[in-house]
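Take a look at the structure set out below.
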Amino acid sequence: AQSVTQLGSHVSVSEGALVLLRCNYSSSVPPYLFWYVQYPNQGLQLLLKYTSAATLVKGINGFEAEFKKSETSFHLTKPSAHMSDAAEYFCAVSGWNSGGYQKVTFGTGTKLQVIP
Amino acid sequence: NAGVTQTPKFRILKIGQSMTLQCTQDMNHNYMYWYRQDPGMGLKLIYYSVGAGITDKGEVPNGYNVSRSTTEDFPLRLELAAPSQTSVYFCATHTSGSYEQYFGPGTRLTVT
């Protein structure tokens, strides 16, 4: 079984401040981990992914995430928040189901507010 | 390339009505998925397909049906709409061996 827990349904940061969105996962096999971003009234867009290569993963728009197996975490960070980063962020874990499809389990999402 | 397109963008249904949500992809991907998104709940898998002619249930299939007659299209059918089906529906796709899913823009459905 696999699961994802995102800590904090809402996070507020000031423009220019560090962004830290927390994600902890549970998986019985080596996980594939993702962060997706959703802007208002849009679909989800992949920010970055971890697929067992480098533990520090860089994504689009200056975001990065570090896979820490000992802590079962995959937190998302950005050194300096921009107003355009205001969106909802979803952490997800995936594996291949016995039925032959990619089973993706999404977290419940964290809405990021950036304060001018 | 348009990627993944969904129609309609918005729809209001009365209880008991039926409708089909359309999803089309031009990426030639084998795998297609339907999710529903409810506030604070993340995304839940309704149905999926691993190729034309092959579909199967996900976590929350009750009240829905799908078909996959072509690689490009994966329509989702609601036969007897209920208020519990008020949600935002997303179609997604990926290719064999890839872990990245590509999402459509969504359909916002309200059942009253």
Side-chain angles (χ1 to χ4, degrees), chain A residues 1-10 21 23-25 27 29-53 57 59-60 67 74 87-111, chain B residues 2-10 21 23-25 27 29-51 53-61 66 68 74 88-108:
Chain A
Q2 59 188 32
S3 66
V4 169
T5 301
Q6 289 185 242
L7 299 176
S9 58
H10 290 82
L21 304 183
C23 173
N24 288 89
Y25 71 90
S27 176
V29 296
Y32 299 103
L33 295 160
F34 307 84
W35 277 100
Y36 284 87
V37 61
Q38 184 180 31
Y39 299 102
N41 299 315
Q42 294 187 25
L44 277 69
Q45 177 185 0
L46 184 70
L47 263 184
L48 49 80
K49 61 186 176 188
Y50 167 77
T51 56
S52 75
V57 181
I60 62 172
F67 171 69
F74 191 57
E88 190 162 17
Y89 294 80
F90 291 90
C91 183
V93 60
S94 82
W96 291 99
N97 185 276
S98 59
Y101 71 97
Q102 187 190 62
K103 178 176 172 59
V104 182
T105 301
F106 289 88
T108 52
T110 298
K111 286 188 178 175
Chain B
V4 183
T5 57
Q6 292 184 238
T7 57
K9 289 189 181 349
F10 305 94
L21 282 67
C23 174
T24 300
Q25 54 105 355
M27 308 171 83
H29 288 174
N30 290 335
Y31 294 81
M32 296 188 76
Y33 303 79
W34 273 107
Y35 295 95
R36 60 176 289 170
Q37 182 183 29
D38 300 301
M41 301 293 288
L43 279 75
K44 301 294 184 185
L45 181 66
I46 305 171
Y47 270 94
Y48 69 94
S49 170
V50 300
I54 306 170
T55 64
D56 208 345
K57 297 176 181 178
E59 304 170 76
V60 290
V66 294
R68 183 96 181 270
F74 190 40
V88 182
Y89 292 84
F90 289 102
C91 180
T93 179
H94 69 89
T95 190
S96 301
S98 168
Y99 303 100
E100 176 181 353
Q101 294 199 6
Y102 295 86
F103 284 80
T107 293
R108 185 174 296 274

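A note on names: the letters A, B, ... follow the listed sequences, proteins ahead of strands, and every chain is numbered from 1.
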Measure the shortest side-chain to side-chain distance between A:Asn41 and B:Lys9 over non-hydrogen atoms and say whether it is less than 4.5 angstrom.
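The answer is no; the side chains never approach within 4.5 Å.
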
Taking the side chain as every heavy atom from C-beta outward, state whether A:Val104 and B:Tyr33 have any pair of such atoms under 4.5 Å apart.
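Of all side-chain heavy-atom pairs linking B:Tyr33 with A:Val104, none is under 4.5 Å.
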
Of the backbone (N, CA, C, O) and the side chain (C-beta and beyond), which part of B:Tyr102 lies under 4.5 Å from a heavy atom of chain A, both, or neither?
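When you check distances to chain A, no heavy atom of B:Tyr102 falls under 4.5 Å.
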
Given a strict heavy-atom distance threshold of 4.5 Å, which part of A:Thr51 is in contact with chain B: side chain, backbone, both, or neither?
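Contact with chain B involves the side chain of A:Thr51 alone.
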
Shorter than 4.5 Å, heavy atoms on both sides: which option in B:Gly104, B:Pro105, B:Gly106 has the most such pairs with chain A?
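Greatest number of close heavy-atom pairs with chain A: B:Pro105.
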
Among B:Pro39, B:Cys91, B:Gly40, B:Ala92, who wins on heavy-atom pairs under 4.5 Å with chain A?
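Of B:Pro39, B:Cys91, B:Gly40, B:Ala92, B:Gly40 has the most heavy-atom pairs under 4.5 Å with chain A.
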
Residues in side-chain contact (heavy atoms from CB on, under 4.5 Å) contact with A:Leu7, at least two apart in sequence or another chain:
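Listed in chain order: A:Thr5, A:Arg22, A:Asn24.
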
Once side-chain contact (heavy atoms from CB on, under 4.5 Å) is applied, do any residues pair with A:Val37, and if so which ones, sequence neighbours excluded?
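side-chain contact (heavy atoms from CB on, under 4.5 Å) check on A:Val37 returns A:Tyr39, A:Gln45, A:Leu47, A:Ala87, A:Tyr89.
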
If you look at every heavy atom in B:Phe103 and A:Leu44, which pair is closest and at what distance?
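What the structure gives for the nearest pair is CB-O, 3.4 Å.
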
Identify the heavy atoms of B:Gln37 and A:Phe90 that sit nearest to each other, and give their distance.
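That closest heavy-atom pairing would be NE2-CZ, 3.1 Å.
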
Once you round to the nearest 0.5 Å, how far does OG1 of A:Thr108 lie from CG of B:Asp38?
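CG of B:Asp38 is found 12.5 Å from OG1 of A:Thr108.
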
Distance check, rounded to the nearest 0.5 Å: B:Glu100 atom CD versus A:Leu48 atom CG?
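Result: 10.5 Å between the selected atoms.
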
Counting neighbours of CE on B:Met27 that are heavy atoms of other residues, nucleotides or ligands and sit closer than 6.0 Å, is the number greater than 12?
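Counting other residues, nucleotides and ligands, CE of B:Met27 exceeds 12 neighbours.
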
